[in-house]
Amino acid sequence: LQAAAEGQRLAAEVDHETALAAAIGGSLPPLLRLVEDQFLAHEALQDSRQLGRQPAAGDDQRVLAASRHFGVDLQRAAAHALGGDVLGIGEHLPDLLRGGGEVLRVLPRQNESINEEWLSDRDRFSYTANDTAQRLTMPMLKINGEWKETDWQTALDNVASKLTAIVNEFGAETIGARASPSATLEDFTLLAKIMRGLGSQNIDYRLRQQDFRADGSLSAPLLGNSISNLEKAEVVLLVGSNLRKEQPILASRLRKAVKNGSRVSAINNAEFDFAFPLQSNIAVAPGKQAAILAQLAVAIASKKASSISDEIAELAATADSNDEIASLADNIIEAGENAQIIIGTMAQMDANYSLLLSLAAVITELTGAHCGRLEEGNAVAAWQASFLPFNGKEVAGKNAQEMLAEPMKACLLFNVEPDQDSLNGNLALDTLRETGMVIHFGNFRSAEIEEVAHVMLPLASLHESDGSH
């Protein structure tokens with residue numbers, strides 16, 4: 001009913017009779033096809049966090065339909081496909097732009113190997129922030145405690161001269177850069193080049209991680225399988241993941257897998273609603289996920305008559321007994337190469353993250369299952385650009401949390417809102433208040449940023465940038 005009412009309202013601007021036909025199920029013109037599309041997506045929205053099936057009309061027809069609605073000439077964004085910056089799994093997003101560059105609508109491009117015809121609602125509606133009052137549009141310098149607009153050359157000269165002076169006086173190890181995991185590949189590459197050019201390896205994007213013991217022994221965060229194959233997995237184990245919120249497009253694949261008979265289980269600190277039935281939904285106290293996963297590894301090793309390290313056995317003994325572990329072990333063994341283990345973004349915030357990764361690797365080795373880990377945003381690009389405080393196995397700089405342990409002489413914040421994006425927002429603000437120079441590169445300004453920063457430099461948003469995700 002809501003969709004029909006919206007159809008009447010929109011189409012009244014074009015043809016009142018056509019709108020009535022839409023309300024009673026008649027044929028729809030291209031413009032109303034967009035409204036019908038929203039209605040068809042409603043059922044899926046009840047069960048997942050995805051929204052916006054691709055309409056039956058082709059890309060050109062959709063652009064034309066939207067052009068008629070908005071009364072302006074619209075163009076699709078350049079031919080390259082943008083990836084969802086919030087989700088980071090490569091949803092294909094053609095942006096609809098008008099002459100002045102304002103984004104009016106975001107629609108999915110169909111890609112059966114990635115997002116099929118779906119688009120998550122976060123990526124669908126995030127463009128609406130482009131024109132908010134908090135948008136940073138001009139370079140600004142804090143002069144005598146007051147913010148003053150300036151030109152780019154003056155702002156950049158100010159930053160360059162002060163950073164050079166700090167390095168010369170105190171050393172490159174006293175400066176660092178913390179970047180949003182949603183930055184583009186090009187942003188990560190250039191910022192890393194700037195920092196290394198100044199002699200500093202203090203660079204990191206893992207703002208919510210607290211366990212870095214695995215640094216130097218990991219590779220880029222990958223799924224360990226193709227996205228399309230995920231729905232073919234016989235058994236899936238989610239560890240530290242609320243997949244429906246973290247990666248709605250992947251959650252839709254699992255939902256299809258469950259409908260086809262796949263058995264999905266989860267080990268978390270809480271019982272989340274995944275919008276599909278779980279075989280096991282194991283919730284343990286914070287800090288106990290590693291112990292229950294160790295218990296699973298021991299059970300699998302026992303059933304396969306394989307050896308297990310004393311450390312894992314001792315860790316497993318600290319977990320409360322769980323009747324579901326034995327059946328979960330049987331399922332993973334039975335599925336073998338058709339099993340998938342996913343270490344989620346919530347696990348990345350766990351105090352025993354490195355143990356979770358090691359235990360998942362042990363289970364993979366014992367069973368032949370696929371194993372992957374998911375991180376926030378565009379994390380794979382950060383690894384590709386080496387935007388990390390280590391090279392290979394050698395840790396050479398400070399990680400994101402070490403940069404907050406004590407104030408630095410200078411800190412570059414790249415699209416980071418420290419109070420919102422950090423593991424401990426209050427600690428981040430307290431440390432930055434004592435930092436000699438804070439340079440904020442970002443889309444937005446806030447009261448917290450204005451308090452701690454000394455320079456603010458505006459950035460293009462995802463929808464305004466040609467950067468890679």
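Residues passing the side-chain hydrogen bond (donor to acceptor under 3.5 Å, both in side chains) test with Arg196, sequence neighbours excluded: Gln201. Scanning for side-chain hydrogen bond (donor to acceptor under 3.5 Å, both in side chains) contacts around Gln295 gives an empty result, with sequence neighbours left out. Partners of Phe390 by ring pair (Phe, Tyr, Trp, His ring centres under 6.0 Å), not counting sequence neighbours, listed by chain and number: Trp383. With sequence neighbours excluded, no residue satisfies side-chain contact (heavy atoms from CB on, under 4.5 Å) with Ala405. Not counting sequence neighbours, Tyr353 has no partner by the ring pair (Phe, Tyr, Trp, His ring centres under 6.0 Å) test. Residues forming a ring pair (Phe, Tyr, Trp, His ring centres under 6.0 Å) with Phe444 (at least two apart in sequence, or on another chain): none. Considering only residues two or more places apart in sequence or on other chains, Thr189 meets the side-chain hydrogen bond (donor to acceptor under 3.5 Å, both in side chains) condition with none of them. Ser358 pairs by the side-chain hydrogen bond (donor to acceptor under 3.5 Å, both in side chains) definition with nothing, not counting sequence neighbours.
A side-chain donor from one of Asn415 and Asn443 sits under 3.5 Å from a side-chain acceptor of the other.
Partner of Leu432 under the side chain to side chain contact (heavy atoms under 4.5 Å, CB included) criterion, chosen from Asp419, Leu427, Leu413: Leu413.
Checked by atom type and distance alone, the side chain of Ser241 never pairs as donor or acceptor with a backbone atom of Gly344 at under 3.5 Å. Side chain of Asn399 to main chain of Glu402: a donor-acceptor pair is present (N/O by atom type, distance under 3.5 Å, no hydrogens or angles). Although no hydrogens or angles enter the test, the distance criterion places a donor-acceptor pair under 3.5 Å between the side chain of His370 and the main chain of Glu337. A donor-acceptor pair is defined here as one N or O able to donate and one able to accept, closer than 3.5 Å; no such pair exists between the side chain of Ser200 and the backbone of Met195. Looking only at distances, a side-chain donor or acceptor of Gln210 sits under 3.5 Å from a matching main-chain atom of Met349. Put simply, the side chain of Asn225 never gets that close to the backbone of Leu230: no donor and acceptor are under 3.5 Å apart. Put simply, the side chain of Gln401 gets close to the backbone of Leu207: a donor and an acceptor are under 3.5 Å apart. Put simply, the side chain of Glu334 never gets that close to the backbone of Val235: no donor and acceptor are under 3.5 Å apart. Not a single donor-acceptor pair under 3.5 Å links the side chain of Gln384 to the backbone N or O of Val380.
Looking at every heavy atom in both residues, Leu404 comes nearest to Thr431 through O-OG1, 2.9 Å. Across all their heavy atoms, Arg178 and Cys411 have their closest contact at CD-SG, 4.3 Å. Residues Ala379 and Pro221 come closest through the heavy atom pair CB-CG, 3.9 Å. Across every non-hydrogen atom of Ala360 and Leu293, the tightest pair is N-CD2, 4.1 Å. When all heavy atoms of Val416 and Ala179 are compared, the closest pair comes out as CG2-C, 3.6 Å. Closest non-hydrogen pair, Ala382 versus Tyr205, comes out as CB-CD2, 3.5 Å.
Sorted by first and then second residue, the salt bridge (Lys or Arg N to Asp or Glu O under 4.0 Å) pairs with a member in residues 267-278 read Arg244-Asp273; sequence neighbours excluded. Counting only residues at least two apart or in different chains, salt bridge (Lys or Arg N to Asp or Glu O under 4.0 Å) contacts with residues 199-210 comprise Asp204-Arg206, Arg206-Asp215, Arg208-Glu376, Arg208-Asp421. Pairs of residues two or more places apart, or lying in two chains, never qualify as salt bridge (Lys or Arg N to Asp or Glu O under 4.0 Å) while including a residue from residues 357-370.
Using cut-offs of 30° and 60° for the angle between ring planes, the Phe274 and Phe276 rings count as tilted.
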Handout entry: Working for side-chain hydrogen bond (donor to acceptor under 3.5 Å, both in side chains), residues Glu186 and Ser468
Key = CA-CA 7 Å; Glu186 293 79 4; Ser468 305; 2.8 Å; yes
Listed pairs under 3.5 Å, donor-acceptor, residues 296-316 side chains, sequence neighbours left out:
from   : atom 1 : to     : atom 2 : distance (Å)
Lys303 : NZ     : Asp330 : OD1    : 3.1
Ser306 : OG     : Lys304 : O      : 3.4
Ser309 : OG     : Ile312 : N      : 3.2

